[in-house]
Amino acid sequence: MTTPIILDCDPGHDDALAILLANANPAVDLLAITTVGGNQTVEKCTINARRICSVAGITDVPIATGAAEPLIGDLHIGEYVHGVSGLDGPDWGEPSVQASDESAVDLIVRLLREHPEPVTIVAVGPLTNIALVIRDHPDVVDNIREIVIMGGSTERGNDTPYAEFNIKVDPEAAAIVFAAALPVTMCGLNITHQALATPDVIERLKALDTRMGDLCVELLTFFSASYLRTWGFTSPPLHDPVALMRVIDPSVVECLPEPVAIETEGRYTRGATVVDLHHLSGERDNALVAMTLDRERFWDAMIEAVASYV
Ligand code: RIB
Ligand code: CA
């Protein structure tokens, strides 16, 4: 079965590899790429989506620019991780793939209306675009099969002690998504930190001896330096492709139904995903929460995708 998906992202090094995986893996049909401000400004994220699609030869997937700011407040970007361009490391040159004139929300709404079957939304950046679709276009919500996000954590955060970056950028948007009458799956740091691009992974990419393999090594080398400098990681977690892997093969990303609340008020905890793992609150299970990754099968699928490019 091929699942139609829309990938909403903020490229971003791990977003870039998620684009490669989404385009290459036959289990998903990538209908569109939409961008949102997060790792960098939305303008730079769109340029970066264009860059990776140009190098990968992805010319048949529309790229649409989304929200520049969160629902409330100002955007704070993840320049400390992804660099000034948002995709630092490689020398990109001018992208040949253009972006659509349609806005991200308009493209998502149109595809949800037009596609012959429900569409899965894979959101691996702040959730602003998705919240706007749910809030302002309730008539298309039934055409969303499920929403699978990279975001949140059952443990500590990364942007603040208790908030993961994607949720922290727009907690109000996340609250809208997790309150929606929709299947939502959360792939948080607790599972994406199981997807470390360790030296054996880097060696497998180098052994491909292809331009795309070498480009991914360059991206991961920059990403690795950011993670070592900021959080002391010896190998960087490849967050965003984990969310995609949940759609490609759910058996690779084991989940549990849990109540998830989004903290929007806390002075020190705003943006936290409060996961009631022991069901003490009596609240309903409003999300599937990813807990265990089959690392070997994840990396096999990721490297197989990279190997499919020249
Ligand atoms: O916290 C990790 C998430 O924030 C990833 O999606 C990364 O790309 C950044 O957007
Ligand atoms: Ca991202």
Side-chain angles (χ1 to χ4, degrees), residues 5-22 33-42 44-49 51-52 63 65-68 70 75-83 85-89 104 121-130 147-171 173-174 177 185-197 216 219-220 222-224 226-227 230-231 233 235-246 253 262 270-273 290 293 302:
I5 69 167
I6 293 170
L7 179 62
D8 189 71
C9 55
D10 59 336
H13 293 68
D14 51 330
D15 307 71
L17 271 80
I19 290 171
L20 296 177
L21 179 60
I33 297 166
T34 53
T35 63
V36 61
N39 285 325
Q40 255 300 345
T41 64
V42 72
K44 289 184 177 181
C45 290
T46 298
I47 290 171
N48 291 333
R51 282 171 167 160
I52 197 71
I63 301 169
T65 302
L75 176 66
H76 83 274
I77 58 178
E79 191 160 301
Y80 61 105
V81 179
H82 300 272
S85 74
L87 212 51
D88 280 16
I121 293 177
V122 181
V124 296
L127 291 168
T128 315
N129 293 336
I130 313 310
I147 298 175
V148 181
I149 78 163
M150 190 281 136
S153 174
T154 63
E155 298 159 351
R156 290 177 63 91
N158 57 3
D159 195 47
T160 68
Y162 288 98
E164 178 277 328
F165 179 80
N166 287 339
I167 308 299
K168 179 62 173 61
V169 168
D170 198 340
V177 170
T185 299
M186 179 187 114
C187 299
L189 298 176
N190 56 291
I191 193 164
T192 65
H193 287 176
Q194 299 173 41
L196 299 179
C216 289
L219 286 169
L220 290 172
F222 180 90
F223 199 44
S224 178
S226 295
Y227 260 83
T230 310
W231 294 284
F233 278 57
S235 297
L238 198 65
H239 304 284
D240 295 342
V242 173
L244 208 55
M245 200 67 224
R246 172 64 189 179
V253 183
I262 308 297
R270 176 168 159 79
T273 48
L293 180 72
M302 188 67 247

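Order of listing sets the numbers, starting from 1, for every ligand and every atom in it. Predicted model, so just to flag it, every value in this text is computed and none were measured.
Residues that satisfy the side chain to side chain donor-acceptor pair (under 3.5 Å) test with Thr230, not counting sequence neighbours, are absent from this structure. The side-chain contact (heavy atoms from CB on, under 4.5 Å) search around Ser235 returns Leu196, Thr198, Pro199, not counting sequence neighbours.
Counting heavy atoms from C-beta outward, Glu164 and Thr273 have side chains that stay 4.5 Å or more apart. No side-chain heavy atom of Asp15 sits under 4.5 Å from any side-chain heavy atom of His239. The closest side-chain heavy-atom distance from Cys216 to Met302 is not below 4.5 Å.
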Inventory of protein N or O atoms under 3.5 Å from ligand 1 N or O:
residue	atom	partner	partner atom	Å
ligand 1	1 (O)	Asn158	ND2	2.8
ligand 1	1 (O)	Glu164	OE2	2.6
ligand 1	4 (O)	Asn166	OD1	3.2
ligand 1	6 (O)	Val124	O	2.9
ligand 1	6 (O)	Asn166	ND2	3.0
ligand 1	6 (O)	Asp240	OD1	2.6
ligand 1	6 (O)	Asp240	OD2	3.3
ligand 1	8 (O)	Asp14	OD1	2.7
ligand 1	8 (O)	Asp14	OD2	3.1
ligand 1	8 (O)	Asp15	OD1	2.9
ligand 1	8 (O)	Asn39	ND2	3.1
ligand 1	8 (O)	Asp240	OD2	3.2
ligand 1	10 (O)	Asp10	OD1	3.2
ligand 1	10 (O)	Asp10	OD2	3.0
ligand 1	10 (O)	Asn39	OD1	3.2
ligand 1	10 (O)	Asn39	ND2	3.2
ligand 1	10 (O)	Asn166	OD1	2.9

Just do the side-chain hydrogen bond (donor to acceptor under 3.5 Å, both in side chains) check on His82 and Asp10 with the steps written out, would you?
-> CA-CA 10 Å; His82 300 272; Asp10 59 336; over 6 Å; no

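Between Tyr227 and Trp231, the angle of the ring planes lies from 30° to 60°, which puts this pair in the tilted group.
Checked by atom type, the side-chain pair Thr34/Asn129 shows no donor-acceptor distance below 3.5 Å.
Going from atom OG of Ser153 over to atom CG of Asn166 covers 12.0 Å, rounded to the nearest 0.5 Å.
Of all protein N, O or S atoms, those under 3.0 Å from the Ca ion (ligand 2) number 5.
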